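Below: one structure, written as structure tokens.
No experiment lies behind these values; they were computed from the predicted model shown.
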Amino acid sequence: MSKALRFSYLGSGSKGNSALVEADGTCLMVDCGFSASETEARLGRLERGPADIDAILVTHEHGDHIGGVARFARRHRIPVWMTPGTLAAARDRDFPDLNLINCHQHFAINGIEVRPMPVPHDAREPCQFCFSDGSRSLGILTDTGHITAHIVQHLGEVDALV
């Protein structure tokens, strides 16, 4: 029996952002704005550890979203997904397994379909994400300057929105 699409937040605010999206044994981390040790501690509070994370998806290059990504990914050998613009603006670009994405192209990580969408924000190439396990979908919308028709179209299809 497959598990339902689930999400949880490690934290959200100007000092750091990070969320988990899980389905069918796959766990994705969205952003990692905390230090590696703080991220590990916060994962522990959710009874998760770095070994549970299959990939890190980065929304944009602001420190409260990307600040801990490179070090955490290197320490635990976790693949990272981001746009070329976010990579170009990142301070630390030493990722163990980097996957560049197009904001308009869906992709899958194990059993989770990921639908990135561009958003207006004061960053180089920011995006937000919708996730689906094939039966349910979740949208995450954090940093955006304003709501566009494109965002409304993407988020109008989700079962839940964070």
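At a cut-off of 3.5 Å, with distance as the only test, a side-chain donor of H65 or D143 sits close to an acceptor on the other residue. With hydrogens and angles left out, the side-chain atoms of D24 and T26 include no donor and acceptor closer than 3.5 Å.
Across every non-hydrogen atom of S132 and S135, the tightest pair is OG-N, 4.4 Å. Between V158 and C130, the closest heavy-atom pair is CG1-SG, 3.8 Å. For G11 against R42, the heavy-atom pair with the smallest separation is CA-NH1, 3.7 Å. Among all heavy-atom pairs drawn from C127 and P116, the shortest one is SG-CB, 4.5 Å. Listed here is the closest heavy atom pair of A90 and I66: CB-CD1, 3.8 Å. Nearest heavy atoms, W81 versus A55: NE1-CB, 3.5 Å.
In this structure a side-chain-to-backbone donor-acceptor pair under 3.5 Å is present from N17 to D64. With hydrogens and angles ignored, the 3.5 Å screen pairs no side-chain donor or acceptor of E61 with any backbone N or O of A123. Panel note: side chain R93, backbone L87; a donor-acceptor pair is recorded below 3.5 Å. Looking only at distances, no side-chain donor or acceptor of R136 sits under 3.5 Å from a matching main-chain atom of L5. In this structure, the side chain of D54 does not engage the main chain of L28 through any donor-acceptor pair within 3.5 Å. Here the side chain of H62 pairs a donor or acceptor atom with the backbone of D122 at under 3.5 angstrom. Looking only at distances, a side-chain donor or acceptor of S137 sits under 3.5 Å from a matching main-chain atom of D159.
The hydrophobic cluster containing V114 also contains L138, counting ILVMFWY residues as joined when their side-chain heavy atoms lie under 4.5 angstrom apart, directly or transitively. Two different hydrophobic clusters hold F7 and I56 under the rule that ILVMFWY side chains link at heavy-atom gaps under 4.5 Å. When the side chains of ILVMFWY residues are joined at heavy-atom separations under 4.5 Å, either directly or via intervening members, L46 and I53 end up in a single hydrophobic cluster. Note: the hydrophobic cluster containing F107 does not contain I78 (ILVMFWY, side chain heavy atoms under 4.5 Å, direct or indirect links).
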Tell me, with the steps shown, if T142 and V30 meet side chain to side chain contact (heavy atoms under 4.5 Å, CB included). CA-CA 11 Å; T142 56; V30 178; over 6 Å; no

Evaluate the side chain to side chain contact (heavy atoms under 4.5 Å, CB included) criterion for residues L10 and E38: first the C-alpha distance (whole Å), next the side-chain angles of each, then the deciding distance (0.1 Å), finally the verdict. CA-CA 10 Å; L10 278 74; E38 180 65 21; over 6 Å; no

Determine, stepwise, if the pair H76 / E40 fulfils side chain to side chain contact (heavy atoms under 4.5 Å, CB included). CA-CA 10 Å; H76 301 291; E40 291 162 4; 2.7 Å; yes

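Within a 6.0 Å radius of CZ in R91, other residues, nucleotides and ligands contribute 12 heavy atoms or fewer. Heavy-atom neighbours of R74 CZ from other residues, nucleotides or ligands within 6.0 Å: above the threshold of 12.
The distance from the CG atom of L98 to the CE atom of M82 is 5.5 Å, given to the nearest 0.5 Å. One distance of note links CD of E22 with OG of S8; it measures 6.0 Å at 0.5 Å rounding. Rounding to the nearest 0.5 Å gives a distance of 13.0 Å between CG of D133 and CG of N110. Between the CG atom in D31 and the CG atom in L57 there is a gap of 8.5 Å [rounded to 0.5 Å].
Annotation: side chain of R77 is not in contact with side chain of D97 (no heavy-atom distance under 4.5 Å). Considering only heavy atoms from C-beta on, V58 stays 4.5 Å or farther from F95 through its side chain. Side-chain contact between S18 and M29 is present, with heavy atoms from C-beta onward closer than 4.5 Å. A 4.5 Å side-chain heavy-atom check between I140 and T59 finds every atom pair outside the cut-off. Between D52 and L20, every side-chain heavy-atom pair lies at or beyond the 4.5 Å cut-off. By the 4.5 Å heavy-atom criterion applied to side chains, H154 and Q128 are not counted as neighbours. Residues Y9 and V162 form a side-chain contact, since some pair of their non-hydrogen atoms from C-beta on lies under 4.5 Å apart. No side-chain heavy atom of V69 sits under 4.5 Å from any side-chain heavy atom of D92.
Note: F129 and F131 have tilted aromatic rings, judged against thresholds of 30 and 60 degrees for the angle between ring planes. Ring orientation note: the planes of H121 and H60 are nearly perpendicular, at an angle over 60° on the 30°/60° scale.
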